[in-house]
Structure formats: C-alpha cells, structure tokens
Engineer: 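Shown below is the structure under consideration.
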Amino acid sequence: MEEKKESLNFIEQIIEEDLASGKHNGRVLTRFPPEPNGYLHIGHAKAICINFETAKKYGGTTNLRFDDTNPTTEDTEYVDNIMKDIRWLGFDWNGEALYASDYFGQLYEYALDLIRKGLAYVDDSTPDEIAAMKGTPSEPGKSSPFKSRSVEENLDLFIRMKNGEFADGTRVLRANVDMTSPNMLMRDPIIYRIKKEHHHRTGDEWCIYPMYDFAHGQSDSIEGITHSLCSLEFIHHRPLYDWFIEKLGIFPSRQIEFARMNVEYMITSKRRLLKLVNEGYVSGWDDPRMPTISGMRRRGYPAAAIRTFCDKAGVARRENTIEINLLEACVRDEMNRTSQRAMVVLDPVKLVITNYPEFEIEYLEAENNPEDPDGGHRKIAFGRELYIEREDFMEDAPPKYFRMTPGADVRLKHAYILRCTGVDKGSNGEINTVYATYYSDSRSGSDTSGIKPKGTLHWVSAQDAMECEVRLYDRLFTVPDPVRDEDTDFLSFYNKESLRTLSGARMESGLQHCKPGDQFQFLRQGYFCADPDSTPGHLVFNRTVGLKDSFAKEVKS
RNA sequence: UGACCCAUGGUGUAAUUGGCAACACAGCAGAUUUUGGUUCUGUUAUUUUAGGUUCGAGUCCUAAUGGGUCAACCA
C-alpha cells in the first residue's frame with residue numbers, strides 16, 4: 001500500500017503532540033455534554049461526530065454527560081430522546097450515561113475549598129447591582145462591598161445557603177478572581193445560585209445549584225476527560241476553566257474550541273425552532289423539514305450520510321457555512337448504494353397500448369439495485385393499460401425531449417419499446433389518455449428489435465398498481481441564511497412550498513409490505529422513505545432528496 | 001471604544017510545519033448508460049492589503065482592513 005499522507009485537523013494535531021510527549025500516558029477520553037432541555041440538531045450531530053470519532057481514532061472513548069445544572073429548564077423526557085438520537089447516529093458512549101448532577105456533592109466540596117482559600121465569597125447584592133458592578137467590555141468592573149468578607153463568614157453563609165435558609169436570588173457565591181479583567185467572565189463570576197426547585201434527578205436534595213463554569217470543567221476533571229472539545233463561543237471561558245483546575249489542584253482536562261458548523265437553509269437556534277413548531281410552520285420537532293436529528297431521520301437521511309457529511313465539512317476555527325448540496329450529495333451517494341429501486345408514478349396519466357392483448361398480464365423481471373450485484377430481482381406486472389408520469393408526455397415537444405411524444409419511440413423501463421400514436425384530450429385541453437403501440441420483440445432482456453430510443457420511462461400497471469401518498473419536501477426557507485439580518489423576521493423567508501402533498505400517486509404493488517423507515521429510490525424521481533404516518537392500507541412516502549436532474553437544469557437555461 | 005478568535009477557488013478543508021497551492025462538493029464540456037440516475041474523462045476558478053525577516057513566505061513578525069465573539073443567578 002502506498003504511504004498516504006493523511007492530513008490532520010488541528011485537534012488531531014494537538015492530540016498527536018500529546019501522544020508524542022506521553023501526556024496522560026497516551027490516554028484519550030472525550031465527552032459529549034448536552035443539556036437535557038431540547039432536541040438535538042445538525043450542529044449537535046457535528047459535535048457528536050467530532051467527539052466520538054476523534055476519541056475512537058486514537059483508541060479512546062467518549063463519555064455522554066448530561067449537563068443538568070439548571071433544574072428550571074431540564075427534564076428527563078429530553079434525556080431519552082438525546083440518547084436515542086446519538087445511538088441512531090451510530091455512536092456508543094462509555095458505560096452508563098453520566099450526569100453533572102452526580103457531582104453536586106463533590107462540586108459543593110470544591111466550593112468550600114475555594115472559600116477556605118479565600119478564592120470565593122458570598123455576595124448579597126441584587127442581580128441588578130451585580131450587573132452594574134460588572135462594568136462593560138471596555139470598562140473595568142467594580143468590586144462588590146461583600147468581596148472582603150472573612151473566610152469564616154463566607155463559610156457560614158454558604159452552608160446556610162445550602163441549608164435553604166435564604167430565599168431564591170438573595171445571595172450567590174462568586175469566585176474571587178479579578179473585577180478589572182478585560183475578560184468579562186473573569187470578573188468574579190457567579191458559581192452558585194439559590195434555586196428551590198425540583199431537579200429531575202436529585203429531586204429536592206439541593207436548593208443551590210452550580211453555574212456552568214463551576215460544573216462543566218470540574219465534571220471534565222472528575223471524569224478524567226483529556227480533551228474537552230467545544231465550540232468557539234466558549235473560548236472566553238477557557239481562562240476560567242483553567243483557573244478553577246489550577247486553584248482546586250484537580251486533574252487538568254484541556255478545553256479545545258472548534259468552529260461550529262452552519263448549514264445553508266438550516267437554522268439551529270432553539271428559540272426559532274420552537275417558534276416553527278409552536279406556530280405550526282412544521283408538524284413537530286421531527287417534521288422532515290426540521291434540522292433536528294429526529295427530523296432528518298424521518299426525512300430519510302441515512303445516519304451514515306450525516307456522518308460522512310460532518311467528516312467532509314471538516315474541522316477548523318473559522319466561521320463557516322456548508323452548502324446544502326454537500327449534504328445532499330452525501331445522502332445520494334449513500335442511498336444510491338443501499339436503497340432498493342421501485343417504480344412509482346407521482347402524477348399519473350393513463351397510457352393505453354392499443355396493440356397489446358386486452359386481458360393479458362405479463363410479469364417482468366426488474367433488478368432491485370443495479371449498484372448491488374447481490375440485490376436480487378423482483379417481478380412487476382405489465383399490461384395493456386398503464387400509468388406514466390404526466391410530465392413524461394408532451395404533445396408538442398422541443399427537439400431534446402426524449403420522452404413520450406406522438407411519433408416518437410421510447411423505452412419503458414424493464415419492459416417494451418413503445419411508439420406514441422396519439423392522445424385523447426378533454427374539453428379544457430387536459431390530457432386524458434395517451435395511446436401507443438408496442439414492439440413485441442423489444443422486451444427487456446430479449447430485445448431483438450434493434451431500436452435504440454433515447455429515453456426510458458418509469459410506469460406502473462393500471463390494474464396492479466396501488467394508490468399511495470407522497471410528500472415532496474423542499475428547503476424550509478427561500479434563502480440560504482434566513483437569520484443573517486437581525487431586523488428581518490426569519491419567518492418571512494419561510495418557504496410555503498417546502499411541503500407538497502400528492503395524494504393520487506400510484507406505486508408498484510410490491511411496495512405495499514414496506515415498513516416505516518424503509519428507504520427506496522423511486523426510479524427517475526429521487527430517494528424516498530416510508531413515513532411513520534403510513535397505515536397498512538395507506539402508505540405515505542417522504543421524498544428524502546431528488547435525483548440529480550441535468551434535464552431540468554437544461555430546460556431552465 | 002477594551003479583550004479575544006479568525007482570514008486560502010463559488011463553498012468547505014488541506015499544503016509533509018519556511019521549499020512547485022491541492023482534495024471534495026458545486027459549475028462547465030464530453031463519453032458511457034434500458035433511470036436525463038450511476039460511472040468515467042477533461043476543464044474553469046484560490047492565498048484580504050501594506051510593510052518586514054529570509055536565498056525562498058499561504059505558513060514567521062508588525063500594522064491595516066474585513067468578519068466573528070464577550071456585559072443571563074442559561075449552557
């Protein structure tokens with residue numbers, strides 16, 4: 001094998017340097033730390049891939065840790081969905097899922113330690129006062145009058161905070177760092193607050209809860225996380241992250257920040273996604289148009305395609321917006337290899353083959369997947385009356401139209417070559433029936449006709465085919481970046497045609513036994529998957545993504 | 001009027017760490033094709049600017065410009 005010069009992303013470079021220097025004895029442990037207060041989306045998928053795949057590459061593992069330090073917003077309901085989504089994406093964490101709340105006791109001890117070292121104090125100021133004393137990014141803050149309390153008084157007050165002697169919001173514990181720091185986060189950040197609320201795991205055991213900065217890094221440290229990979233927005237937290245580790249003298253996890261991934265036509269703001277759901281722009285968090293993992297799953301995006309997409313998007317530290325067509329290319333590439341072919345006519349028009357025996361039915365052999373030699377074959381019914389796609393007939397066709405048009409030859413996939421002989425139109429000009437004759441010696445597999453038509457159409461037997469519902473999904477927004485302008489409501493870019501429902505589609509009858517989640521390529525149409533809304537008598541298919549269509553492109557120009 | 005991060009084809013990411021700027025997707029042109037799909041071939045297009053160090057700079061230094069981030073008892 002040729003020696004391949006594999007290029008490393010900057011995180012891998014750091015890890016390889018650590019490996020080379022013998023840091024942590026070559027151990028690599030990462031973590032994925034979701035807050036259980038919402039659904040995972042494409043941005044999380046990226047973070048999941050980076051954390052799990054990076055660790056795996058270096059023989060390490062990844063912890064799943066729920067960052068559940070705010071009882072007001074968090075709930076067990078989200079925990080289960082998050083675990084389901086991560087597993088579906090194809091990743092498995094180290095042992096049981098972990099929780100920051102498991103460390104509340106230890107975190108409390110750390111706080112006591114800081115107080116004893118004179119590095120934390122109880123502040124009785126109101127939230128407004130604390131905010132006012134914080135200063136601004138360009139002006140230094142001012143010290144709280146409570147900053148100089150004695151260790152004994154701080155200890156006493158903090159223990160009483162913990163014992164529930166004070167009302168919510170009346171006191172906080174702050175780290176004693178530097179009110180003049182240009183980094184706002186170093187200006188004596190609040191590390192504990194009083195919240196007499198029920199926690200989804202610890203119940204009513206605690207009435208004080210640590211803030212993110214006093215929970216995340218310490219949790220990393222407790223678990224022995226070697227590389228704590230997070231997005232760029234936490235970069236200003238790193239000095240604090242390191243400060244706590246140093247002052248507490250605990251295991252030195254290292255925080256490394258990467259740029260989060262943005263994708264055209266997708267938004268990831270929890271607030272905005274919630275608005276789409278609550279105001280009925282989509283059917284729910286798993287609407288196939290949503291950028292949530294559950295939405296993409298229902299849409300039919302294969303997990304492997306999402307993983308490939310995240311890999312191909314790369315990892316760096318600059319702002320980025322990935323083109324949606326990269327995602328679609330990954331989805332097509334995966335589904336082309338894996339999905340069974342089927343013939344479904346989305347917008348049917350009747351076709352009668354006038355020289356074909358009236359009551360005859362032939363069963364023709366069709367390959368299930370030309371990309372898969374072991375994919376096998378199936379039989380499909382053929383007869384005198386068929387349905388073809390309405391847009392596959394044109395009475396007055398331009399020269400490069402290779403489909404059904406009077407006087408022209410065209411191949412029916414897996415079947416015969418036809419010559420279009422005429423058309424029957426209603427009074428309004430609508431096409432009712434297309435007429436053709438067939439060449440009996442042109443049957444697929446035993447074609448001796450010598451005719452080479454330019455076009456091949458998909459079709460279904462009028463007698464054998466069954467009705468189904470097809471949902472055509474398109475981008476949720478009319479512009480690639482609907483949130484670029486703060487002054488314009490992103491909903492003004494909502495794509496009203498992002499869902500088109502077709503109720504009269506006709507599918508080859510073999511499809512009737514498919515189960516929700518089954519994926520197909522509908523010949524010449526695109527990739528589809530059976531939706532959970534399907535019932536035995538009424539199948540519903542979602543269009544995952546269309547086929548590349550160079551004809552449509554040509555027509556447009 | 002502060003601090004921090006970032007700047008390479010249309011998009012994204014590389015460049016063996018100072019030595020001929022490449023890969024993927026997109027685009028364009030062609031070949032193949034019983035899916036206007038797939039596959040294959042070819043092709044267009046790239047280092048923000050100005051200085052400096054150096055035999056040599058995408059890479060190092062300085063500045064400018066542009067973009068991003070930071071003032072929740074959220075994470």
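Just so you know, these numbers come straight off a predicted model, no measurement behind them. The sequence lines fix the lettering, A, B, ..., with proteins before strands; numbering per chain opens at 1. FYI, side chains are in, hydrogens and waters are out, and symmetry mates aren't considered; it's all heavy atoms of this structure.
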Engineer: Would you say the base of B:G37 and the side-chain of A:Arg332 have a donor-acceptor pair closer than 3.5 Å?
Structural biologist: no
Engineer: Please figure out whether A:Asn369 or A:Thr69 has its closest RNA chain B nucleotide nearer the 5' end.
Structural biologist: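 Looking at RNA chain B, the more 5' nearest nucleotide goes with A:Asn369.
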Engineer: Is A:Lys548 touching bases, backbone alone, or none of the nucleic acid, heavy atoms closer than 4.0 Å?
Structural biologist: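 Result for A:Lys548 = sugar-phosphate.
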Engineer: Do any side-chain nitrogens or oxygens of A:Lys195 fall under 4.0 Å of OP1 or OP2 in B:C74?
Structural biologist: yes
Engineer: Less than 3.5 Å between a donor and an acceptor, one on the side chain of A:Glu139 and one on the base of B:U1, is that the case here?
Structural biologist: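 Looking at the base of B:U1, it does not pair with any donor or acceptor on the side chain of A:Glu139 (distance under 3.5 Å).
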Engineer: Looking only at N and O atoms, is any donor in the side chain of A:Arg411 or the base of B:U34 less than 3.5 Å from an acceptor on the other one?
Structural biologist: yes
Engineer: On the side chain of A:His236, is there an atom forming a donor-acceptor pair with the base of B:A71 - under 3.5 Å, no angle test?
Structural biologist: no
Engineer: Taking 4.0 Å as the cut-off, does a side-chain nitrogen or oxygen of A:Arg193 come that near to OP1 or OP2 on B:C74?
Structural biologist: yes
Engineer: Have a look at A:Thr321 and say if it touches a base, only the backbone sugar-phosphate, or nothing, with a 4.0 Å heavy-atom cut-off.
Structural biologist: sugar-phosphate
Engineer: Between B:G37 and A:Glu371, counting only base atoms on the nucleotide and side-chain atoms on the residue, is there a donor-acceptor pair under 3.5 Å?
Structural biologist: yes
Engineer: Would you mind classifying the nucleic acid contact of A:Ser339 as base, sugar-phosphate or nothing, using non-hydrogen atoms under 4.0 angstrom?
Structural biologist: nothing
Engineer: Given the structure, check if the side chain of A:Glu323 and the base of B:G10 hold any donor-acceptor pair shorter than 3.5 Å.
Structural biologist: yes
Engineer: So A:Arg341, base contact, sugar-phosphate only, or nothing? Heavy-atom distance under 4.0 Å.
Structural biologist: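 If one applies the 4.0 Å heavy-atom cut-off, A:Arg341 turns out to touch a base.
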Engineer: I want to check one thing: is the phosphate of B:C6, taken as OP1 and OP2, less than 4.0 Å away from some side-chain N or O of A:Arg317?
Structural biologist: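 A:Arg317 to B:C6 OP1/OP2: side-chain N or O found under 4.0 Å.
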Engineer: Categorize A:Thr136 for me: base, sugar-phosphate, or nothing, with a 4.0 angstrom heavy-atom threshold over every strand shown.
Structural biologist: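 Base: the residue A:Thr136, judged by heavy atoms under 4.0 Å, touches a nucleobase.
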Engineer: Quick check: do A:Arg411 and A:Ser444 have side-chain heavy atoms less than 4.5 Å from each other?
Structural biologist: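 Yes; the side chains approach each other to less than 4.5 Å.
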Engineer: Students often get this wrong, so: under 4.0 angstrom with heavy atoms, is A:Pro140 touching a base, only sugar-phosphate, or nothing?
Structural biologist: nothing
Engineer: Output yes when a side-chain donor or acceptor of A:Glu139 lies under 3.5 Å from a complementary backbone atom of A:Thr136, and no otherwise.
Structural biologist: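 No, A:Glu139 side chain to A:Thr136 backbone: no donor-acceptor pair under 3.5 Å.
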Engineer: Once you apply a heavy-atom cut-off of 4.0 Å, does A:Gly141 come out as touching a base, just sugar-phosphate, or nothing?
Structural biologist: nothing
Engineer: Does B:G37 have OP1 or OP2 under 4.0 Å away from a side-chain N or O of A:Ser550?
Structural biologist: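 Answer yes for this pair, as a side-chain N or O of A:Ser550 is under 4.0 Å from OP1 or OP2.
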Engineer: Apply side chain to side chain donor-acceptor pair (under 3.5 Å) to A:Arg419 and A:Tyr439, showing your working.
Structural biologist: CA-CA 8 Å; A:Arg419 165 156 297 213; A:Tyr439 299 89; 3.3 Å; yes
Engineer: Which part of the nucleic acid, if any, lies within contact of A:Gln521, taking any heavy atom under 4.0 Å across all strands shown: a base, the sugar-phosphate backbone alone, or nothing?
Structural biologist: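 Since a base atom lies under 4.0 Å of A:Gln521, the category is base.
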Engineer: For this output row, return yes or no: ring centroids of A:Tyr241 and A:His237 closer than 6.0 angstrom.
Structural biologist: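 For A:Tyr241 and A:His237, the ring centres are not under 6.0 Å apart.
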Engineer: With a 4.0 Å cut-off, would you call A:Arg403 and A:Glu389 a salt bridge?
Structural biologist: no
Engineer: Less than 4.5 Å apart, any side-chain heavy atom of A:Val345 and any of A:His458?
Structural biologist: yes
Engineer: Report the residue (A:Ser444 or A:Asn37) whose heavy-atom-nearest nucleotide on RNA chain B is the more 5′ of the two.
Structural biologist: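 Upstream on the strand: A:Ser444.
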Engineer: How is A:Tyr209 classified with respect to the nucleic acid when contacts are heavy atoms under 4.0 Å: base, sugar-phosphate, or nothing?
Structural biologist: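 It contacts nothing in the nucleic acid.
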